[in-house]
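What you are looking at is a predicted structure, and each value in this text was computed from that prediction instead of being measured.
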Amino acid sequence: VYIGQTGVTNTTSVTQTGTANQVGADETSLLLNQIGNFNTVDITQTGWSNAVATVLRVTIAAGHFVPANGLSQIGAYNLLKLNQLNSVATGSNAIEAIYQEADPAFGARSNSIDVTQTGDGGTGGADHFIGQLVQINSTAGLAANAIAVTQSGGGSGIGNSIQAINQVGDGNSADVDQSAYLNAIGSLAQTGSGNGAVLSQGTNSGNVILDVMQQGDLNQANISEAGTNTYVETVTQNNAGVAISGNTVKITLAGDDNGGDGLGGPGSFVSLAKDAGVFQATALQFGDDNSLSYTVSAASNRNLYGFMQDGDGNGIIGNADGNDNEAAVRQVGDDNNVSFSQKGNANAVAVTMSGERNRALIDQTGEENVVSLSFGDSLPSSDNNANGLAFTGPVALMANAYGLTPGHFHQSGTLNSVTLTVTGSGGNMTATWQEGAGNVIQGSVSGSANQAAVIQGGDDNLAAFSQTGTGNRLVISQ
């Protein structure tokens with residue numbers, strides 16, 4: 001089937017049953033296209049080896065928005081609805097390329113793509129494929145395009161896949177729901193303001209998300225993995241240089257061996273989470289006022305994730321329940337904060353922070369858990385825990401004996417915790433060292449040029465201190 005329509009309120013409805021049916025041929029002169037506003041394309045294919053817009057996908061890298069050849073709609077308020085149902089076990093259907101572009105002359109209003117690909121409902125699986133979904137709106141503030149994809153029926157040795165989803169404009173949404181297992185999302189890229197991506201992969205194993213990229217401000221990415229041995233390679237948000245800021249990432253896991261292949265594959269951490277060099281499955285945020293939420297639920301094990309934020313006023317909240325979970329956090333900038341909680345055994349978290357007025361709170365319960373914290377590793381000389389600062393006097397003697405420098409926080413053992421707040425005009429230096437079980441350090445520093453070193457070895461020690469003013473020096477050893 002190949003059809004061209006021009007004008008407004010046009011409707012194309014196609015129903016195909018059987019095998020090897022095709023909407024839009026494999027050359028550019030035989031496509032299904034609509035130009036105008038308020039147009040609708042509704043396609044239903046039942047069977048297997050059916051295709052929409054075959055062999056016309058443009059190979060592009062994530063973030064590079066090249067118009068896709070294939071089924072297209074140019075205009076505003078257009079709807080493209082596709083429903084593919086495979087009727088045999090292990091059957092597969094394909095959508096190669098879909099393209100929608102809003103019409104600036106019409107106010108560049110919203111377009112929608114709605115795709116449903118389902119399995120046969122029996123014991124077999126589906127191997128549905130989507131090559132490229134593209135929506136473009138060059139008129140700022142008026143986009144609100146929407147993509148919704150549902151894929152189900154992935155089975156043993158096969159699975160559903162999406163090669164690329166690309167959206168340009170403001171207020172766009174991309175919602176992908178893949179059930180069963182061995183599903184894959186190659187790349188999802190959004191450029192603009194106020195865009196949202198919701199990606200959900202099913203309760204079984206082997207699902208993959210390679211790259212999620214959002215360029216602009218006020219964007220949101222929500223990723224949910226309910227299975228085992230899933231792999232999320234990178235999630236990147238960049239609002240650097242944008243006056244109105246604030247992107248959000250939310251990652252939720254409910255299974256084992258997530259974040260890598262579970263077999264020592266891409267980016268696998270080695271406890272202490274490689275001291276926050278940040279690799280493994282990685283979430284990256286560039287710019288100011290970003291937030292990230294990370295949750296590992298239902299006593300999940302061996303989940304490995306890394307997080308990096310570069311900018312000011314960023315925050316990370318993490319909660320992990322299970323064993324052998326590892327997390328790495330790196331923040332660069334001022335007024336950033338980290339709050340991380342782990343429950344279970346043999347968990348590890350590493351935190352590195354660079355900047356002024358940064359805060360970190362790490363809480364662990366269980367056995368054989370470890371924490372590594374580092375503050376102020378690349379700061380101007382006037383700031384707290386800055387590079388180039390050095391302890392003096394009795395503080396230096398104690399710190400040097402344990403290999404501590406300002407901004408170095410060491411923990412090894414079980415149920416150890418550090419809570420430390422540093423404020424003031426600059427030049428404050430703090431470091432802690434703990435080995436053993438059940439040790440606690442709580443401290444606060446305000447003012448300037450204060451020094452504190454706290455050493456605790458053994459079990460069930462508690463040290464609490466407060467410094468206010470200028471030039472105070474403190475040493476605690478237990």
Side-chain angles (χ1 to χ4, degrees), residues 272 275-276 315 329 331 334-342 349-365 369-377 379 381-478:
L272 297 160
D275 293 323
V329 177
Q331 291 181 320
D334 301 333
D335 301 296
N336 297 311
N337 67 84
V338 174
S339 177
F340 217 97
S341 174
Q342 291 178 321
V349 58
V351 178
T352 297
M353 306 177 81
S354 301
E356 295 186 77
R357 303 175 301 277
N358 295 315
R359 298 172 301 280
L361 174 61
I362 309 299
D363 180 65
Q364 293 179 318
T365 59
N369 297 310
V370 293
V371 177
S372 175
L373 301 96
S374 177
F375 292 76
D377 66 348
L379 299 177
S381 61
S382 62
D383 293 333
N384 300 314
N385 284 332
N387 263 353
L389 293 180
F391 292 119
T392 61
V395 181
L397 292 175
M398 182 62 68
N400 292 340
Y402 287 87
L404 297 177
T405 57
H408 183 190
F409 298 80
H410 169 77
Q411 285 197 148
S412 178
T414 302
L415 294 177
N416 297 310
S417 67
V418 175
T419 304
L420 179 65
T421 301
V422 181
T423 60
S425 58
N428 296 302
M429 292 172 276
T430 53
T432 65
W433 184 96
Q434 290 192 126
E435 289 193 357
N439 297 306
V440 177
I441 296 174
Q442 296 178 336
S444 65
V445 180
S446 64
S448 61
N450 297 300
Q451 302 179 38
V454 180
I455 312 299
Q456 294 193 139
D459 300 335
D460 301 317
N461 296 301
L462 170 63
F465 70 92
S466 176
Q467 291 178 312
T468 303
T470 301
N472 298 300
R473 290 188 287 189
L474 169 75
V475 174
I476 298 175
S477 180
Q478 299 187 117

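- The backbone N or O of Gly436 sits nowhere less than 3.5 Å from a side-chain atom of Asp459 that would complete a donor-acceptor pair.
- For the pair Gln467 (side chain) and Gln451 (backbone), a donor-acceptor distance under 3.5 Å is present.
- Across Leu462 and Gln478, no two heavy atoms sit closer than the pair O-NE2, 3.4 Å.
- Here the side chains of Val454 and Phe465 are in contact, with some heavy-atom distance below 4.5 Å.
- Using modelled atom types, no side-chain atom of Asp460 and backbone atom of Asn439 make a donor-acceptor pair closer than 3.5 Å.
- Thr432 contributes atom OG1, which lies 7.5 Å from atom CG of Leu404 (distance to the nearest 0.5 angstrom).
- What you find for Ala449 and Thr470 is that their closest heavy atoms are CB-CG2, 4.5 Å.
- Residues Gln434 and Ile455 have side chains not in contact (no heavy-atom distance under 4.5 Å, counting atoms from C-beta outward).
- The backbone N or O of Gly469 sits less than 3.5 Å from a side-chain atom of Asn450, completing a donor-acceptor pair.
- Between Pro394 and Arg473, the shortest heavy-atom contact is CD-NH1, 4.2 Å.
- The closest side-chain heavy-atom distance from Phe391 to Asn400 is not below 4.5 Å.
- For Thr430 against Val445, the heavy-atom pair with the smallest separation is CG2-CG2, 3.9 Å.
- Nearest heavy-atom pair, Met398 versus Ser477, reported as atom, atom and distance to 0.1 Å: CE-CB, 3.8 Å.
- For Gln456 (side chain) and Val440 (main-chain N/O), a donor-acceptor pair under 3.5 Å exists by modelled atom type.
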